[in-house]
Protein chains: 2
Amino acid sequence: MERKPTPDHLLLDRQLCFALYAASRSVTGLYRPLLEPLGLTYPQYLVMLVLWEQEGLTVRELGARLQLDSGTLTPLLKRLQAAGLVDRRRRAEDEREVEIRLTEAGLALREQASDIPECMAQRLQLSLEQMQTLRDELKQLTRQLQLSPTEE
Amino acid sequence: MERKPTPDHLLLDRQLCFALYAASRSVTGLYRPLLEPLGLTYPQYLVMLVLWEQEGLTVRELGARLQLDSGTLTPLLKRLQAAGLVDRRRRAEDEREVEIRLTEAGLALREQASDIPECMAQRLQLSLEQMQTLRDELKQLTRQLQLSPTEE
DNA sequence: GAACATTCAATTGTACACAATTGAATTTTG
DNA sequence: CAAAATTCAATTGTGTACAATTGAATGTTC
């Protein structure tokens, strides 16, 4: 009748994955009120960051950068288009590809977004150095996981 | 006609938030093939971790632990119930609360999940110490964000 | 103790994620 | 060059996330 306690390694608080999952959602939540005035969701903001860096990417190229597939990007980009921030156009050279370009409004939005990173940095209560270290550890982790695919 | 380049602080690769977002999704993706034989999604796995630790929690208590609201948990718990892993029952003491209890099958699943954390640790290619450090940094970050609410 | 307020889980509606499939366009091959 | 294979974005279907609302149950107050 005695029930075994759960083994330590299955405790929620021991899991790196949950720490990651919780932190990611918390940070996204912190962005929400900052992005709401711009009319952007957090994933839409990430797409805009990429487009502000480099114009005329295809859906595939955007997906490679953000690790998202067309199932996620296509509807998201349609919403950005409906909001008047981007244009979507089949490429003449290769009709399979759809090129995403900023509209004037889309480019102009960059100015409004310009102080978001600083604002976030303040709220995270981390030094610039701590932020960089943590960011680079996470990037290293992600790179590691993409290099070693799931061997069956 | 000259277009200004995007300022450095708006570059995608500079963002801690994207590093977090990408890492979280990558890790979740790594769990997927391990959880599939158990018939669990990753959020469902997190719920099971909590229930294996402590039985008879309410939806609210589960939500407090996982930082999820009833809009997410109610349908998720219905799916776990449909899979025969949990029971959902209104509390007699307070009919507003719904208590979640493991079924025999739900408890038994713990044995099958038992080697998942070790398997993941191997794939993450981090030392136990590195994992703990990173995990604790992320927990600290999350705690920080929950303490300082969005002052308008 | 009846009006009022609060606390629950559930519901509604919008927006991701992602696996799997589709179908058109292009590339490769025999 | 024509058939087969590949590469795209789009679509379909399932499962989260989360804000906002609903409605029942419980607490509080006068």
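Letters A, B, ... are given to chains in the order of the sequence lines, protein chains preceding strands, and every chain is numbered from 1.
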Taking OP1 and OP2 of C/dC16, is either one under 4.0 Å from a side-chain nitrogen or oxygen of A/T41? yes
Measure the distance from CG on B/L76 to P on C/dA17 and round it to the nearest whole Å. 17 Å
For A/E61 and D/dC8, give me the distance from atom CD to atom P, rounded to whole Å. 9 Å
Would one find a side-chain N or O of B/R90 under 4.0 angstrom from OP1 or OP2 of D/dA24? no
Measure from CD on A/E97 to C1' on C/dG23 and round the result to the nearest Å. 17 Å
Is any side-chain N or O of B/R96 closer than 4.0 Å to OP1 or OP2 of D/dG23? no
Rounded to whole Å, please give me the gap between CG in B/D94 and C1' in C/dT7. 8 Å
Take atom CZ of A/R91 and atom C1' of C/dT26, then tell me their distance rounded to the nearest Å. 14 Å
With nearest nucleotide decided by heavy atoms, which residue, A/R32 or A/L77, maps closer to the 5′ end of DNA chain D? A/L77
N or O in side chain of B/Y21 less than 4.0 angstrom from C/dA17 OP1/OP2: yes
Within this structure, what is the SG-OH distance for the pair A/C17 and B/Y42, rounded to the nearest 0.5 Å? 3.0 Å
Could you verify whether a donor N or O on one side chain and an acceptor N or O on the other, from B/R135 and B/Q132, lie under 3.5 Å apart? no
With no hydrogens and no angle check, just 3.5 Å: does a side-chain donor-acceptor pair link A/Q67 and A/Q146? yes
Counting side-chain heavy atoms from C-beta on, which of D/dA10, C/dC16, C/dA10 comes nearest to A/Q44? C/dC16
Atom-pair distance (CG on B/L73; P on D/dT16), nearest Å: 10 Å
Counting only heavy atoms from other residues, nucleotides and ligands, does the tally under 6.0 Å from CZ of B/R89 exceed 12? no
Answer with base, sugar-phosphate or nothing: what part of the nucleic acid does B/T58 contact at a heavy-atom distance below 4.0 Å? sugar-phosphate
Whichever of B/D69 and B/E93 has its nearest DNA chain D nucleotide further upstream toward 5': B/D69
Closer than 4.0 Å, any side-chain N/O of B/R25 to the OP1 or OP2 of C/dC18? yes
Parallel, tilted or perpendicular: which fits the ring planes of B/W52 and B/Y45, with parallel below 30° and perpendicular above 60°? perpendicular
Quick note, B/R60 side chain, CB onward, closest among D/dA25, C/dA10, C/dC8 is C/dC8
Between A/L40 (CG) and C/dT14 (P), how many Å, whole number? 18 Å
Does the side chain of B/T74 get closer than 4.0 angstrom to OP1 or OP2 of C/dA10 through an N or O atom? yes
So, does A/K78 get its side chain near the phosphate of C/dC16, meaning an N or O under 4.0 Å from OP1 or OP2? no
Under the side-chain contact (heavy atoms from CB on, under 4.5 Å) criterion, do A/E99 and A/R101 qualify, and how do the steps go? CA-CA 6 Å; A/E99 192 174 276; A/R101 304 200 74 88; 2.9 Å; yes
Nucleotide of C/dA24, D/dA17, C/dA10 approaching B/P43 most closely (side-chain heavy atoms): D/dA17
B/L62 CG to D/dT16 P: how many Å, rounded? 14 Å
N/O (side chain, A/S70) to phosphate O (OP1/OP2, D/dC8) under 4.0 Å: no
